[in-house]
Amino acid sequence: MAAQLLHDLHKPYVFQWQPDASSRPEQSLAGTGEHHVLSLAELLVRKAPAELVVAQACAHTHPGTEADEAQVVNWLKAAAIIAGIDPVRHGLLDASGKTLPLPRRQEGFICHLGDHDFVLSAPAVQWTLPVMRDIAKADYKITDADLQGKPFNSLRNAVYSQLSAMRIEQAYAMGGGEQVRLPMHSVVKPA
Ligand SMILES: [Fe+2]
Ligand SMILES: [Fe+2]
């Protein structure tokens with residue numbers, strides 16, 4: 001539960017709002033989104049138990065194959081470097097330094113599966129943005145130029161943050177673009 005709750009701890013920092021109401025582009029670190037490694041480092045600095053840190057490290061992939069486990073090991077090593085600790089002595093890795101502590105615990109697999117909203121939530125954004133742009137122009141008098149900047153970004157942020165992209169996609173899937181109007185209007189009333 002703790003691994004699941006804390007696993008994206010650093011997203012508010014790496015995705016900081018920009019002046020045009022877009023979010024900062026995330027950099028990669030040790031081959032994954034930087035928020036992942038930084039969240040692990042944060043837990044290490046705060047002296048969280050090793051089994052929690054290892055379970056959380058599995059959010060972005062499971063340690064079920066040699067290649068996948070090698071990635072998790074790298075993220076833990078990178079986090080340990082940032083936090084200034086020895087990953088083996090801290091119980092994050094097996095004595096060899098090449099695998100997770102053995103035998104492998106199952107919490108990491110559960111955390112990985114629990115992190116799977118992205119298979120729908122990420123494409124839901126791509127599929128619903130064009131529909132929201134059309135409604136923004138028709139109902140909110142947002143110009144083509146403003147679709148690329150703060151006016152549309154602010155509208156989009158309000159709708160997605162209060163209802164979620166998945167809920168907008170569900171409305172779109174059930175009733176087409178017309179059905180997206182209602183939830184948008186419920187969050188931001190057109191003038
Ligand atoms: Fe993540
Ligand atoms: Fe996540």
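When a ligand or atom number is given, it counts from 1 through the structure's own listing order. Note that this is a predicted model, so its numbers are computed, not measured.
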key: Heteroatom of His35 nearest to the Fe ion (ligand 1) (N, O or S, atom name)   = NE2
Parallel, tilted or perpendicular, as decided by the 30° and 60° cut-offs, for the rings of His36 and His60 = parallel
request  = Could you check Leu29, Val37, Leu92 and say which one makes a side-chain contact (heavy atoms from CB on, under 4.5 Å) with Trp75?
outcome  = Val37
task = Quick one: sort the His116 and His112 rings into parallel, tilted or perpendicular, breaks at 30° and 60°.
result = perpendicular
request  = For the Fe ion (ligand 2), decide whether His60 has an N, O or S atom at a distance under 2.8 Å.
outcome  = no
query = More than 12 non-hydrogen atoms from neighbouring residues, nucleotides or ligands closer than 6.0 Å to CD on Gln106, yes or no?
reply = no
message = As a test of reading the structure, name the N/O/S atom of Asp115 that is nearest the Fe ion (ligand 2).
response = OD1
note = Atom name of the N, O or S atom of Asp8 nearest to the Fe ion (ligand 1) is OD1
